[in-house]
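Okay, structure first, notes after.
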Amino acid sequence: MNLAPFVLGLLWGFFRKVPLYAVFSRRFNWQKLGILLKRRFHSSFRKHFRVYPFLILSFLIGTFRQYPILSDRFGDAGWYPAVWVSFALAQYGFLLYFLFRNRFKPGIWMILVGTLLNGLVIVANGGQMPVGSAVEMFGAAAADSITAAPHYMLASAETRLALLSDQIPFWLLGWFMISIGDFPIMIGIFRLAKYLPRRIVRKNPSEVDLSVQYEYTEER
């Protein structure tokens, strides 16, 4: 789901201020466009993000939580719920710390807020994201896939913080069930992806207060 706003944001960033209406004009300078896109491509890999290992750890734990490795073998054990919640706490804790350390990047604050909202409802419900009954509009197979996934559950009357769970059917290059927190996450990802190809212009070091970790940017 988050891949779509990322790709759309990248495309916006790469072709920002490019006169696409003139592509089929004889005067359109394809060589200049190629140089511009090449520079923006290189700029996308020159952005500095802090504490990368925390993002990697969060991704690895999140990937592990998607597979029923523990639930199939130890789902009935008394210690299993506490361990599963601990994995969710670790995943979202690492991710939130990464986002906070990079909070001055465009869109990161929105991703942080949405991630916090999603993390709260997941931890409150034993490490699983509740999914509302509207998922049944996609067919019985969709509801069955929710119950089979260890990191999801069908919402019920006992669901905690149900307002923050996946209650909203949403179309974005396909139908998904999303939460309130997913909206700022998608907007933030779009803004961050749009920023990546942008050229960074740094002020003269003598004019910069080194105690403030800002990154100076200018759209060009």
Side-chain angles (χ1 to χ4, degrees), residues 1-6 51 54-55 57-72 74-103 107-172 174-192:
M1 177 188 68
N2 292 327
L3 180 62
F6 181 78
V51 294
F54 286 87
L55 177 63
L57 285 172
S58 176
F59 174 78
L60 292 176
I61 296 173
T63 302
F64 173 76
R65 291 181 60 242
Q66 295 180 25
Y67 297 97
I69 299 173
L70 283 181
S71 59
D72 286 349
F74 307 107
D76 296 330
W79 50 264
Y80 173 78
V83 170
W84 199 244
V85 172
S86 298
F87 277 122
L89 281 170
Q91 177 191 351
Y92 282 88
F94 289 142
L95 181 55
L96 287 170
Y97 181 69
F98 169 80
L99 293 171
F100 180 77
R101 288 295 305 274
N102 295 281
R103 60 192 180 278
I108 291 290
W109 265 116
M110 301 191 73
I111 300 175
L112 191 153
V113 170
T115 300
L116 179 61
L117 294 177
N118 285 347
L120 285 174
V121 66
I122 288 173
V123 171
N125 288 279
Q128 294 177 300
M129 170 60 88
V131 181
S133 58
V135 71
E136 296 176 358
M137 66 180 290
F138 305 132
D144 292 340
S145 66
I146 296 300
T147 56
H151 58 307
Y152 283 107
M153 61 181 286
L154 291 175
S156 65
E158 289 76 29
T159 298
R160 301 181 180 91
L161 302 178
L163 182 65
L164 302 180
S165 63
D166 284 352
Q167 299 280 352
I168 309 168
F170 186 79
W171 189 93
L172 182 63
W175 281 101
F176 301 93
M177 292 294 294
I178 68 173
S179 65
I180 293 175
D182 287 330
F183 285 107
I185 289 176
M186 288 188 292
I187 296 172
I189 288 175
F190 177 83
R191 291 192 62 197
L192 180 63

Revision key, fill the gap. Closest non-hydrogen atoms of Met186 and Ile178, given as atom of the first, atom of the second and distance, are CE-CD1, 4.0 Å

Point to revise | Minimal non-hydrogen separation, Gln167 against Ala134, with atom names | key: O-CB, 4.4 Å

Review point. Is the count of non-hydrogen atoms from other residues, nucleotides or ligands lying under 6.0 Å from Tyr67 atom OH greater than 12?
Key: no

Review point. Within a strict 4.5 Å, meaning less than it, do heavy atoms of the Leu154 and Val135 side chains meet?
Key: yes

Point to revise | Pro5 versus Ile189, closest heavy-atom pair with distance | key: C-CG2, 4.2 Å

Revision key, fill the gap. Scanning both residues in full, the closest heavy-atom pair of Gly107 with Arg191 reads CA-CB, 4.0 Å

Exercise for review: Just jot down the ring-ring contact (aromatic ring centres under 6.0 Å, His included) partners of Phe183, sequence neighbours excluded, or say none.
Suggested key: Phe170

Review point. Can you find a heavy atom in the side chain of Ile122 that is under 4.5 Å from one in the side chain of Gln128?
Key: no

Point to revise | Nearest-0.5 Å distance that lies between atom CE in Met153 and atom OG1 in Thr147 | key: 11.5 Å

Give every donor-acceptor pair under 3.5 Å between a side-chain atom in residues 82-92 and any protein atom, sequence neighbours left out.
| from | atom 1 | to | atom 2 | distance (Å) |
| --- | --- | --- | --- | --- |
| Trp84 | NE1 | Gly127 | O | 3.4 |
| Trp84 | NE1 | Pro150 | O | 3.4 |
| Ser86 | OG | Ala82 | O | 2.8 |
| Gln91 | OE1 | Arg65 | NH1 | 2.7 |

Exercise for review: Kindly write out the residues that satisfy ring-ring contact (aromatic ring centres under 6.0 Å, His included) with Phe94, not counting sequence neighbours, or none if the list is empty.
Suggested key: Phe54

Practice item. Could you walk me through whether Leu57 and Phe98 pass side-chain contact (heavy atoms from CB on, under 4.5 Å), step by step? Key: CA-CA 10 Å; Leu57 285 172; Phe98 169 80; over 6 Å; no

Revision key, fill the gap. Sorted by chain and residue number, the ring-ring contact (aromatic ring centres under 6.0 Å, His included) partners of Phe100 (sequence neighbours excluded) come out as none

Revision key, fill the gap. Nearest heavy-atom approach of Ala142 to Ser145 is O-OG, 2.6 Å

**Study point:** Phe64 side chain reached by Leu60 side chain, heavy atoms, under 4.5 Å
**Key:** no

Would you list the atom pairs, donor with acceptor, under 3.5 Å between side chains in residues 113-120 and any protein atom, with sequence neighbours excluded?
| from | atom 1 | to | atom 2 | distance (Å) |
| --- | --- | --- | --- | --- |
| Thr115 | OG1 | Ile111 | O | 2.7 |
| Asn118 | OD1 | Ser179 | OG | 2.6 |
| Asn118 | ND2 | Asp182 | OD1 | 3.0 |

Exercise for review: Report yes or no: does Ser58 contribute a side-chain atom to a donor-acceptor pair with the main-chain N or O of Leu55 at less than 3.5 Å?
Suggested key: no

Point to revise | Euclidean distance, Leu163 CG relative to Ile180 CD1, rounded to 0.5 Å | key: 4.0 Å

Practice item. Please say whether more than 12 non-hydrogen atoms of neighbouring residues, nucleotides or ligands are located less than 6.0 Å from CZ in Arg160. Key: no

Review point. For Phe74, which residues count as a ring-ring contact (aromatic ring centres under 6.0 Å, His included) partner, sequence neighbours excluded?
Key: Trp79

Review point. Is it true that atom CG of Asp72 has more than 12 heavy atoms of other residues, nucleotides or ligands lying nearer than 6.0 Å?
Key: yes

